[in-house]
Amino acid sequence: MNKLKITIFILFVLILFIAFWGLSILKCEILTYLYGEQFAQMYREYTMIDDIDYFKVLNYSKDSARVYYVGSERSSGSVLRFCKENGNWRNRGWNVIWSTS
């Protein structure tokens, strides 16, 4: 009986983790689909990344956004923070997540 409780608990924790992870990915994909066009070229103004393989919108609100850009050939990854000022998105900082150089 004790092994059954432990097994059920472990399965519950595993399912909870997978559900949380899956919903996080789904949120990111939906935000990128809805708002990605606004940020598709913004990295050119604010980073040393020449070209990107892809980007994902991590968070979005009417006043701020966080966007993850992956450099061409997956050479680097950066998260840029944007704030809306006078109707235009402005960079308010970035973090280099990883780089091969």
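The shown structure was predicted, so the numbers you read here are calculated from the model rather than taken from an experiment.
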N/O donor to acceptor pairs below 3.5 angstrom from side-chain atoms of residues 22-30, sequence neighbours left out:
from	atom 1	to	atom 2	distance (Å)
S24	OG	F20	O	3.0
E29	OE1	K56	NZ	3.1
E29	OE2	K56	NZ	2.9

Q | Sequence-distant partners of E73, side-chain contact (heavy atoms from CB on, under 4.5 Å), two or more places apart | A | none
Q | Which residues share a side-chain contact (heavy atoms from CB on, under 4.5 Å) with E37, sequence neighbours left out | A |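 Scan of E37 (side-chain contact (heavy atoms from CB on, under 4.5 Å), adjacent residues dropped) gives none.
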Atom [atom1] of [X] and atom [atom2] of [Y]: how far apart are they, to the nearest 0.5 Å?
{"X": "L16", "Y": "L11", "atom1": "CG", "atom2": "CG", "value": "12.5 Å"}
{"X": "I10", "Y": "K3", "atom1": "CD1", "atom2": "NZ", "value": "12.0 Å"}
{"X": "L80", "Y": "N95", "atom1": "CG", "atom2": "CG", "value": "9.0 Å"}
{"X": "I52", "Y": "Q41", "atom1": "CD1", "atom2": "CD", "value": "7.0 Å"}

Tell me whether [Y] is reachable from [X] by hopping between hydrophobic residues (I, L, V, M, F, W, Y) whose side-chain heavy atoms are closer than 4.5 Å.
{"X": "F55", "Y": "W89", "value": "yes"}
{"X": "W94", "Y": "Y69", "value": "yes"}
{"X": "I97", "Y": "L31", "value": "no"}

Q: Could you pull out the closest heavy-atom pair between K84 and K62, with the gap in Å?
A: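 Taking every non-hydrogen atom into account, CD-O, 3.6 Å.
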Q: Return the minimal non-hydrogen interatomic distance between V57 and T32, and the atom names on each side.
A: N-OG1, 2.8 Å
**Q.** Min side-chain heavy-atom separation Y43-V70 under 4.5 Å
**A.**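 No - every pair of side-chain heavy atoms lies 4.5 Å or more apart.
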Q) Less than 4.5 Å apart, any side-chain heavy atom of F82 and any of F39? A)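 Answer yes - side chains close enough.
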Q.
The criterion is ring-ring contact (aromatic ring centres under 6.0 Å, His included); which residues satisfy it with Y68, sequence neighbours excluded?
A.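 None.
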Q) With sequence neighbours excluded, what pairs up with Y35 under the ring-ring contact (aromatic ring centres under 6.0 Å, His included) test? A)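 Y60.
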Q) Taking the hydrophobic residues Ile, Leu, Val, Met, Phe, Trp and Tyr, and joining any pair whose side-chain heavy atoms are under 4.5 Å apart, which ones share a cluster with F17? A) L14, I18
